[in-house]
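In what follows, a structure is listed as C-alpha cells, so that the remarks can point back to it.
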Amino acid sequence: MRREGCMLAAVYRKEARGLRLEDLPEPLPGPGQMKISVRYASICGSDLFLVRSGQLADGTVLGHEMSGVVDTLGDGVRGFLPGQPVIVRPVGCGSCAACASAQENLCPQRLAIGLGALKGAFAEYLVVPQEMAIPVPEGLDLKLACLAEPLATALHAIRLAGIGSNDRVVVLGAGGIGLCSVALLKALGVRWILVSEPQEGRRNRAMALGAQRGVDPMAEDLGKAVEEWKGKEGVTAVMECAGNSETTKLALQMVAPGGKVALVGLVKGTVDWAPALTMLKQIRIQGSFANTQAECRECLGMMARGELNVEPMLEGVIPFQELPACMDRLLHAPGEGKLIVEVSFG
Ligand SMILES: [Zn+2]
Ligand SMILES: [Zn+2]
C-alpha cells in the first residue's frame, strides 16, 4: 500500500552497502523550482564508484542520468508546462569566471542531482531549480533521452581534444563512456576507430556502434594489433575511457607525434610519465570533466534527428523494484552496456 504524501525511492544505506527501496516524503517545488515525475534513469559507472567507495552519505538518492515529465511548477517558473518531457542537468552559479565562459562544468558551486547535494532520479519524483531542466525534442523516446548526459560527456572530450573526422582514434575501454565515445565519434564522421576492451559483450556493442576494429587486450597483443591497424598516419588520437593507470600510460606511448590524448576515465592511481616524450612528440594531453548544458542539448538534438545511433549500447530496461538487486549484481560483475531503470508505477 502506498502511503499518502510519500514516494518510492532507492536510498543508499551504509549498513546495507547498497540501495534499499524506501518511502520518502514526496517533495514539493518551492519558488523557481519544478517537480518532475521521473520516467527513466540510467545506471552510471560513477554510481557504482560512489557506492563502492564507502564515502557516500547514508540516505543519498543516486541517479543523475534521467528523463521525465514536468509534474508541478513552483511559483514564478516560466517556459515549462506540466506534462512536458525534460531531462535534468547540473547548473553552475551563473556568476563565476567558469560560468561566464560557458564552462559551468568547472563552476565551484556546481549543483547536480544524484551525486550528493540534491536528491537524484532513483525515485518517483525530484524537485530541481528550473534552470536544471532541458526540454526533450519532440518525438525523441524518453528511454533514449536519459542517455544525453553520458553522451554529452563523450562529446565534451572529443571537442576539447580537437578530435575530427580525419583522425585515427583508439578508444581504450568500452564501459558506458567508452561506448558513448564510439557512438559520438561515428556520428561525427570518424571512420577509423579501434576499441580495446577485455569484455566480449562490450566489445561487440562497440563494433555495432561503429568501431572498425575490436581488440581483446587480454588475448591479443594490443601493441601489435594497433601497429597493423594504424596505417602511415599512425594513431592520431586516443581516448582513455578505462580509468586505469596502465591504459593511460599506454595511451601516451601509442599516440603518434602531434597527436592528442583525451583523459575521460577517472584514474585513481598515478602514472609514471616522461615529460620529455610528451614534449618531443608534441602530444596534447587533454583532461575532460563532465559536460555542459549546451552539449546535452546538442546530443538530444542529434538523437532526435536520427544522427546518433545509441540502440546497440542498451543492455536492457529494468523495473524500478529490481534496482537494488541490480546494483548489488553490478558491484560484483560489471554490465556490458547501459542499463536503464524504468521508473513508472501504473
Ligand atoms: Zn554519469
Ligand atoms: Zn559558477
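In what follows, every heavy atom counts, from backbone to side chain, and hydrogens, waters and symmetry copies are set aside. Numbering starts at 1 and runs along the sequence shown.
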Could you walk me through whether Glu227 and Met254 pass the side chain to side chain contact (heavy atoms under 4.5 Å, CB included) check? CA-CA 9 Å; Glu227 199 60 40; Met254 70 168 64; over 6 Å; no

Does the pair Leu28 and Val127 meet the rule for a side chain to side chain contact (heavy atoms under 4.5 Å, CB included), with working shown? CA-CA 7 Å; Leu28 292 170; Val127 161; 5.9 Å; no

Which value, rounded to the nearest 0.5 Å, describes the distance between [X] atom [atom1] and [Y] atom [atom2]?
| X | Y | atom1 | atom2 | result |
| --- | --- | --- | --- | --- |
| Met34 | Tyr125 | CE | OH | 14.5 Å |
| Gln212 | Ile193 | CD | CD1 | 8.5 Å |
| Leu151 | Cys180 | CG | SG | 4.0 Å |
| Leu142 | Leu147 | CG | CG | 11.5 Å |
| Gln321 | Leu21 | CD | CG | 6.5 Å |
| Tyr12 | Leu62 | OH | CG | 9.0 Å |

Is any side-chain heavy atom of [X] less than 4.5 Å from a side-chain heavy atom of [Y]?
| X | Y | value |
| --- | --- | --- |
| Val38 | Leu126 | yes |
| Leu323 | Ile43 | yes |
| Val195 | Val215 | no |
| Val51 | Met327 | yes |
| Val86 | Val69 | no |
| Ile177 | Pro150 | yes |
| Leu8 | Glu22 | no |
| Thr278 | Trp273 | yes |

Only pairs at least two apart or in different chains count here, so list each salt bridge (charged side-chain N to carboxylate O under 4.0 Å, His left out) that has a residue in [range].
| range | result |
| --- | --- |
| residues 292-303 | Arg159-Glu298 |
| residues 307-318 | Arg305-Glu307 |
| residues 32-57 | Glu26-Lys35, Lys35-Asp71 |

Answer yes or no: is there a donor N or O on one side and an acceptor on the other, between the side chain of [X] and the main chain of [Y], under 3.5 Å?
| X | Y | result |
| --- | --- | --- |
| Asn291 | Glu149 | yes |
| Lys281 | Val255 | yes |
| Glu240 | Leu263 | no |
| Glu228 | Ala225 | no |
| Ser53 | Gln55 | yes |
| Glu220 | Pro217 | no |
| Thr247 | Gly243 | no |
| Thr292 | Gln103 | no |
| Glu138 | Ala304 | no |

What pair of heavy atoms forms the shortest contact from [X] to [Y], and how long is it?
| X | Y | result |
| --- | --- | --- |
| Asn309 | Ala183 | O-CB, 3.8 Å |
| Cys99 | Glu104 | SG-CB, 4.1 Å |
| Ile158 | Met239 | CG1-CE, 3.6 Å |
| Lys268 | Phe49 | CD-CE1, 3.5 Å |
| Ala10 | Phe320 | N-CZ, 3.6 Å |

As a quick check of understanding, evaluate side chain to side chain contact (heavy atoms under 4.5 Å, CB included) for Ile285 and Ile283, giving each step before the final call. CA-CA 6 Å; Ile285 302 175; Ile283 298 167; 4.2 Å; yes

Do you reckon Met313 sits in the same ILVMFWY cluster as Leu330, going by side-chain contacts under 4.5 Å, direct or chained?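 In one cluster: no.
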
Hey, quick one: are Trp192 and Leu209 part of the same hydrophobic cluster, counting side-chain heavy atoms closer than 4.5 Å, chains of contacts allowed? no

Under the side chain to side chain contact (heavy atoms under 4.5 Å, CB included) rule, collect the residues that match up with Arg203, sequence neighbours excluded.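 Partners of Arg203 by the side chain to side chain contact (heavy atoms under 4.5 Å, CB included) criterion, ordered by chain and then number, come out as Glu197, Glu200, Asp216.
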
For residues 166-187, pull every pair meeting side chain to side chain donor-acceptor pair (under 3.5 Å), keeping only residues two or more places apart or in separate chains.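 Residue pairs with at least one partner in residues 166-187: Asp167-Thr236, Asp167-Lys260, Arg168-Glu233.
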
Candidate list Pro135, Cys299, Ser67, Cys146, test side chain to side chain contact (heavy atoms under 4.5 Å, CB included), partner Ile87, passing option: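 Only match with Ile87 under side chain to side chain contact (heavy atoms under 4.5 Å, CB included): Ser67.
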
So does Glu342 pair up with Lys143, basic N to acidic O under 4.0 Å? no

Lys/Arg N to Asp/Glu carboxylate O, Arg205 vs Glu336, below 4.0 Å: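 Yes, charged N to carboxylate O under 4.0 Å.
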
Residues that Gln253 engages under side-chain hydrogen bond (donor to acceptor under 3.5 Å, both in side chains), provided they are two or more places apart: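 Gln253 satisfies side-chain hydrogen bond (donor to acceptor under 3.5 Å, both in side chains) with no residue once adjacent residues are dropped.
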
Before you tell me yes or no, could you show the steps for Met66 and Ile113 under side chain to side chain contact (heavy atoms under 4.5 Å, CB included), namely the whole-Å CA-CA distance, both residues' side-chain angles and the distance that decides it to 0.1 Å? CA-CA 10 Å; Met66 65 78 69; Ile113 57 160; 3.9 Å; yes

